[in-house]
Amino acid sequence: MSRRFAPRRLSGPTLRLAALAGAGALAIAACSSSSASGNSPTNTGSSTSGTIVWWASPIAGSGPTDTRTVLINAFEKQYPKIHVKLENASTNTDTNRATLATQISGGSSTPDVFMGDVIWPAQFGAHQLAVPLSKYLPKSFFAQFAPGLVQGATYKGQVYGSPLFEDQGFLYYRKDLLAKDHLPVPKTWEQLMSEAKTMQKKGQVKYGFVWEGDSYEGLTCDFMEYLTDAGGTVTNPGFTKGTLNSPAAIKAVTFMRKLITSGVSPSAVTTFQEPQAMDAFASGQAAFLRNWDYAYSYANTPSTSKVVGKVGVAPLPTFAGQSYPGYSNIGGWNMYINPHSKHLSLDLTFIKWLASPAAQRILALKYSEIPTNESVRTSPAVIKSNAVLAIVPQTRLVPRPAGTPNYPAVSTAIYQNVNAVLAGSASPSSAMSSANSQVNSALSSSSGGGL
Amino acid sequence: MAAISTTAERTTAAAPPRGRRDANTKKLARIGWGFSAPALLVIAAVTIFPIVYSVIMSVSNVQLSGNGFALNGITGGNYSVLVHAAVWRYAVIFTIVYTLITVIVELVIGTCIALVLERLTAGRGWLMALLLIPWSMITVINAELYGYIYNGTYGVYQYLTGLVGLGHPVILGTPTGAIAGMMVADIWKTTPFVAIIVLAGLVMLPGDVYEAAEMDGASGWTTFWRITLPLLRPTIALAVMFRVLQAFGLFDLPYVLTGGGPGYSTNSLAILGYFAMFKNLDFGPGAAVATSTAALVLLGCLASLRVFRVQVGKENA
């Protein structure tokens, strides 16, 4: 083709120049990495004024009613000398993790505080991407949270996250249809299946039960519920070995597949994340839905839903022979502090306030988020305010096996193999045994084995 | 472009003998390098350095901490993680097969389109503009678009199969369906690119050869196989190179459409590397995935160059 682009041989001086250019680039890189090695917070000082940056993804509301703005305004009213600047983060938790990990490991002193997933403490703790809060905050601070939440934020004896609001799986049902058919709210998975079939046969709904079956983190959450109901676990308590190669795990995933083969769940459920499941339910096509806290208000908003006023919420069912209710997987968000933050005392003040009844009441009463502060969670005003918050005290919780820094690889092993069974491309027993060996290799090496 | 034509250049271009290069030329060259040095520095900083660093990371024991990366000694561990992971072995095969099939199909369809376009006199400009719409679309948007088409509850595809009595298959719900669906989205988007390149090659072909063929009474079929196609080889080689490079980095489509599922059936090497690096924060194995991908694609390109090089030489001889 064109002759103009014919390569020329590098001669002496040009070669030297090129070498120089390369060296220059390396020098620049060296500079940047050395300047990045600023150390853990030096200014733990007692300053009471200044500006901190809060990294948080949207919670609810927009404009002046945006949850984050409302919280900031209330905080600044109480602490007029501290200014909190909001940094709007992505709603995708994986994007957030990638950005925060590179930003913090690159030495950035902002954001000072960040809202992060409940499954991050071990990973962020192991990589020193978050400040161990238990070094600075007393035991009494952590005692105010609902049981189990602080344990979930602990890695190797240190607490890295301060629970901001919690989330968990719920069973949503069409109370109008259940009443019409004289059916009770299902207490077992088997019962849910047969009731769903009844409503489908009568043509009241197209789908019986919709949930999150796509190949992604949400499927790990759903699977944890069936697995725990069946009496299984993912790893041993010390996170050194996988325990998925068990009859309980096979029972759980076999049942999930049966939901599809029996027609109770559409085969498209293997591609459903929260929005798709939510849409199927809110458009009146499904009798039952497994979703998080937000689904109740979503299903009762006329602009998004055709089933306003027809929705009931209950704890999740369990397998026949087990005691009701079944387990709900824990989701939600913690507050973390950037180890490079130059305003540690301000950060702590803000985090302490976010855990206080004043902030927690805003989250619960204004936005029906599940408060993490036990006194707010169990207060009559909160329980009365919302049907979902009312049943929170009745539910049983199970965390994801996030006590290992390699949790993401463990979760990938779970959701990929479970999804393969749901799609019919693997048998329950072979999928669980390959999930188990993937979990084992993820746990085997300290610096993240497996892929 | 330069890379492909090198063989031809070396044999035919009359490079000035070294001795005749006077001081003036040398001075000019020096000034030239001087002017391009800042740009070269930037290129070195943003491409060469990261590539080299990533290769180094792939053979190092990488520790990520709040204070950046620490490379603690050389290790083969990252690559042994890959070799022992069924997911990686699958991703290699998937990415290669995906690349082969999509590139071949795009090439065949693209060449056909180019042949038609070359004949067209009226409306060629319009048709080319139309053709370029899919190509100019951002891949993520293309993926979202196909996400709607393939949607398992309200997708256009399901609606159509329902109309003709084929039921409601969930395209992205089975491995074969998801892979095929992804290939269709890819082929739809990039065939026009191949067509345009091939068309550019076609219009540059010498007319006299065709006249000679006609005089000898060659059929259209023979002319195509014996003249058009051999003469097009350099152009096709170029198109193949571009496409192989791009197809091998398959990321956007599975990221948007399936997240690598069902199971890990659409886990490409790029997706795998992304997960390892930015979800697991395992930068060692992640860099190893990236490096192995680069090595594979380099091999692929060298192989395709080898296949086409002979022809390039002949054509100029």
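A note on names: the letters A, B, ... follow the listed sequences, proteins ahead of strands, and every chain is numbered from 1. As a basis for the values below, the full set of heavy atoms in this structure was taken, side chains included, without hydrogen atoms, waters or symmetry mates.
- Counting heavy-atom pairs under 4.5 Å between each of B/G286, B/G284, B/G263 and chain A puts B/G263 at the top.
- Contact check for A/P405 versus A/Y155: side-chain heavy atoms found under the 4.5 Å cut-off.
- Heavy-atom distances place the side chain of B/L272, and not its backbone, under 4.5 Å from chain A.
- Interface remark: A/S425 contributes side-chain atoms only to the contact with chain B (heavy atom separation under 4.5 Å).
- When the shell of 6.0 Å around OH of A/Y216 is examined, it contains more than 12 heavy atoms from other residues, nucleotides or ligands.
- A side-chain N or O of B/Y79 and one of B/S58 form a donor-acceptor pair less than 3.5 Å apart.
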Starting from the C-alpha separation in whole Å, work towards a yes-or-no answer on ring pair (Phe, Tyr, Trp, His ring centres under 6.0 Å) for A/F239 and A/Y407.
CA-CA 10 Å; A/F239 294 103; A/Y407 169 72; 9.1 Å; no
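- Contact annotation for A/T270: only side-chain heavy atoms (C-beta onward) come within less than 4.5 Å of a heavy atom of chain B.
- Residue with the most contacts toward chain B among A/Q276, A/R97, A/K206: A/R97 (heavy-atom pairs, distance under 4.5 Å).
- In this structure, chain B has no heavy atom under 4.5 Å from any part of A/T99.
- Most heavy-atom pairs under 4.5 Å with chain A, from the set B/L281, B/I171, B/V42, B/T176: that is B/L281.
- Proximity to chain A (any heavy atom under 4.5 Å) is shown, for B/S265, by neither the backbone nor the side chain.
- Residue contact with chain A, scored on non-hydrogen atoms closer than 4.5 Å, involves the backbone and the side chain of B/Y264 alike.
- Between B/Y274 and B/V289 there is no side-chain heavy-atom pair separated by less than 4.5 Å.
- Counting heavy-atom pairs closer than 4.5 Å to chain A, the top residue among B/L257, B/T153, B/L172 is B/T153.
- No side-chain donor from either of A/S441 and A/S444 sits under 3.5 Å from a side-chain acceptor of the other.
- Contact check for A/Y207 versus A/Q285: side-chain heavy atoms found under the 4.5 Å cut-off.
- Only the side chain of A/T412 comes within contact range of chain B, judged by heavy atoms closer than 4.5 Å.
- Defined by atom type and a distance below 3.5 Å, a donor-acceptor pair is missing between the side-chain atoms of A/N96 and A/S90.
- In this structure, chain A has a heavy atom under 4.5 Å from the side chain of B/N267, while its backbone stays farther away.
- Contacts of B/P262 with chain A are made by both backbone and side-chain atoms, with heavy-atom separations under 4.5 Å.
- Checking side-chain atoms of B/T258 against main-chain N and O of B/P254 turns up a donor-acceptor pair under 3.5 Å.
- Listed for the A/N338 side chain is a donor-acceptor partner under 3.5 Å among the backbone atoms of A/S108.
- Chain B forms the most heavy-atom pairs under 4.5 Å with one residue out of A/A130, A/A420, A/P408, and that residue is A/P408.
- For the options A/T271, A/V269, A/D279, A/D214, heavy-atom pairs under 4.5 Å to chain B are most numerous at A/T271.
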